[in-house]
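Okay, structure first, notes after.
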Amino acid sequence: MTRKRSPSGGAVAGPVPDPDTVPQLLLRWYDRHARSLPWRAPPGSAPADPYAVWLSEIMLQQTTVTAVIPYFRTFLQRWPDVAALAAADRDEVLAAWAGLGYYSRARNLHLCAQQVAGLHGGRFPVDEAGLLALPGIGPYTAAAIAAIAFDRPAVVVDGNVERVVARLFAESDLLPAVKPRLRQRAAELTPQRRPGDFAQAMMDLGATVCTPRSPDCLLCPLSGQCGARAAGIAAELPRRAAKAAKPQRHGIAFWLRRPSDGAVLLERRPPKGLLGGMLGLPGTPWEDRRPWPLAEALAWQPAAADWVLLPGGIRHVFTHFALDLSVALADLPADEATLASAPPTGSLWLSPGRETWEQLPTVMRKAARFAHAADTAPASRR
DNA sequence: TACCCGTGGCG
DNA sequence: TCGCCAAGGGT
């Protein structure tokens with residue numbers, strides 16, 4: 001047992017993780033406990049298909065394994081290789097991504113497939129620099145693909161690795177300032193042999209044992225090497241800078257029904273920014289100040305009509321704000337023949353139902369379900 | 001650099 | 001009910 005001094009000055013008792021022992025213990029644990037995942041090759045075997053590795057890594061950015069699995073299966077079945085995905089219609093890719101969030105990932109996924117198919121002959125670059133140059137692939141993903149698909153000793157650092165390393169070395173400085181030091185620590189631990197399995201083992205450990213809230217140190221193969229465990233502060237690391245409070249925003253969405261067939265008007269959102277490129281209900285901007293009076297919201301109505309504001313609404317929390325969204329209902333007036341038959345570019349009429357909801361981002365699914373339920377409610381509704 | 005960008009599960 | 005946060009990237 002050695003003793004060291006933390007950067008903040010406090011004495012920290014405990015072992016110093018050994019850069020040879022840690023990978024050894026971790027890979028032994030991984031050989032027995034690796035999770036079976038649709039995109040993963042078994043421990044010690046030949047690397048998985050780079051296309052599947054790439055697709056899974058993009059989907060897994062800031063997203064849980066549970067959420068990703070059904071989307072991964074759907075994509076792989078529908079577009080089995082990078083050439084198929086490159087040839088796909090962009091809006092169909094976006095529709096298939098709907099519900100998974102962070103929609104710029106889907107736009108970049110399609111772009112990246114087209115670059116790999118067109119510029120690289122359908123093969124992914126095997127080195128980090130080449131991967132990093134592709135859209136949607138940043139430092140983490142480039143390292144992960146290089147290690148997992150191409151067996152390169154890249155240093156793979158995601159949130160799991162940061163947490164595991166912060167605990168192993170009892171790093172008590174705040175994220176994100178301490179990131180460079182954590183990366184250096186991770187580099188010291190990354191082995192030349194089985195780097196892909198090592199990376200996946202670190203992430204599995206972080207996801208199943210060395211968890212954020214209540215790490216299960218009794219099951220951890222590295223507990224004997226862990227500085228935070230020795231100091232009794234594992235659950236408190238890594239420490240993070242405080243986050244800003246989320247503003248509350250308000251908006252009104254318009255549910256415009258075409259009387260001839262019950263279809264509803266939807267709009268293609270602008271290509272960048274929030275929910276970029278996705279379908280949604282037309283509506284007001286989402287503003288901080290207060291709920292919208294219907295009279296003011298009418299400036300954004302898709303057509304002049306006899307709008308009825310529904311009581312209540314839906315609530316949705318985005319990364320950096322919370323939204324209260326109300327819904328106004330109307331039938332398209334009979335004199336709007338042009339809008340009924342030929343909506344402007346970016347607008348379209350779709351029939352209410354599951355096939356339509358599935359193309360929408362979650363906030364719009366909530367609004368559409370809410371509006372549709374009110375619209376088809378029994379006559380007790382006034 | 002700091003901010004923007006979704007969603008769902010969990011304690 | 002609510003805050004936390006996850007296999008981050010782009011700008």
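Throughout, protein chains are lettered first and strands after them, A, B, ... in sequence-line order, and every chain is numbered starting at 1.
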For [X], report the nucleic acid contact type (base, sugar-phosphate, nothing); a contact means any heavy atom under 4.0 Å.
X        : value
A:Arg365 : nothing
A:Arg163 : sugar-phosphate
A:Leu275 : sugar-phosphate
A:Val363 : sugar-phosphate
A:Gly206 : nothing
A:Thr63  : base

>> Less than 6.0 angstrom from the centroid, inside 45 degrees of the normal: does A:Arg315 satisfy that with respect to the ring of A:Trp286?
In response: no
To the nearest Å, how far apart are [X] [atom1] and [N] [atom2]?
X        : N      : atom1 : atom2 : answer
A:Leu109 : C:dG10 : CG    : P     : 12 Å
A:Leu111 : C:dG10 : CG    : P     : 11 Å
A:Arg213 : C:dC2  : CZ    : P     : 16 Å
A:Leu100 : C:dG8  : CG    : P     : 13 Å
A:Gln248 : C:dC2  : CD    : C1'   : 13 Å
A:Leu175 : C:dG8  : CG    : C1'   : 14 Å

Measure up the [X] and [Y] rings against each other and bin them: parallel (under 30°), tilted (30 to 60°), perpendicular (over 60°).
X        : Y        : result
A:Trp292 : A:Trp300 : perpendicular
A:Phe124 : A:Trp54  : tilted
A:His372 : A:Trp255 : tilted

> If you walk 5' to 3' along DNA chain B, what is the first nucleotide with an atom under 4.0 Å of a heavy atom in chain A, and what is the last?
Replying inline: B:dC4 to B:dG11
>> Could you see if A:Ile137 belongs to whatever hydrophobic cluster contains A:Tyr102? Use Ile, Leu, Val, Met, Phe, Trp, Tyr and a side-chain cutoff under 4.5 Å.
In response: no
> For DNA chain C, which residues in residues 135-149 of chain A have a heavy atom at a distance below 4.0 Å?
Replying inline: A:Pro135, A:Gly136, A:Ile137, A:Gly138, A:Pro139, A:Tyr140, A:Thr141
> Side chains of A:Glu162 and A:Met202: does their closest heavy-atom pair fall under 4.5 Å?
Replying inline: no
>> Taking the nucleotide of DNA chain B with the nearest heavy atom to each, does A:Arg105 or A:Thr66 sit closer to the 5' end?
In response: A:Arg105
>> Using a strict threshold of under 4.0 Å (side-chain N to carboxylate O), is an ion pair present between A:Glu296 and A:Arg289?
In response: yes
> Would A:Glu171 and A:Arg185 pass as an ion pair if we require N to O under 4.0 Å?
Replying inline: yes
> Picking from C:dC5, C:dA6, C:dT11, which would you name as closest to the side chain of A:Lys243?
Replying inline: C:dC5
> Which of the following nucleotides, C:dA6, C:dG8, C:dT11, is nearest to the side chain of A:Asp158?
Replying inline: C:dG8
>> Looking at C:dA6, I'd like to know if its phosphate oxygens (OP1 or OP2) sit under 4.0 Å from a side-chain N or O belonging to A:Gln62.
In response: no
> When the ring centroid of A:Phe318 is compared with that of A:His320, is the distance short of 6.0 Å?
Replying inline: no
> Between A:Arg315 and A:Arg35, which is nearer to the 5' end of DNA chain C once each is assigned its nearest nucleotide?
Replying inline: A:Arg315
> Taking it one step at a time, do A:Asp324 and A:Arg249 satisfy salt bridge (Lys or Arg N to Asp or Glu O under 4.0 Å)?
Replying inline: CA-CA 6 Å; A:Asp324 279 326; A:Arg249 296 184 183 173; over 6 Å; no
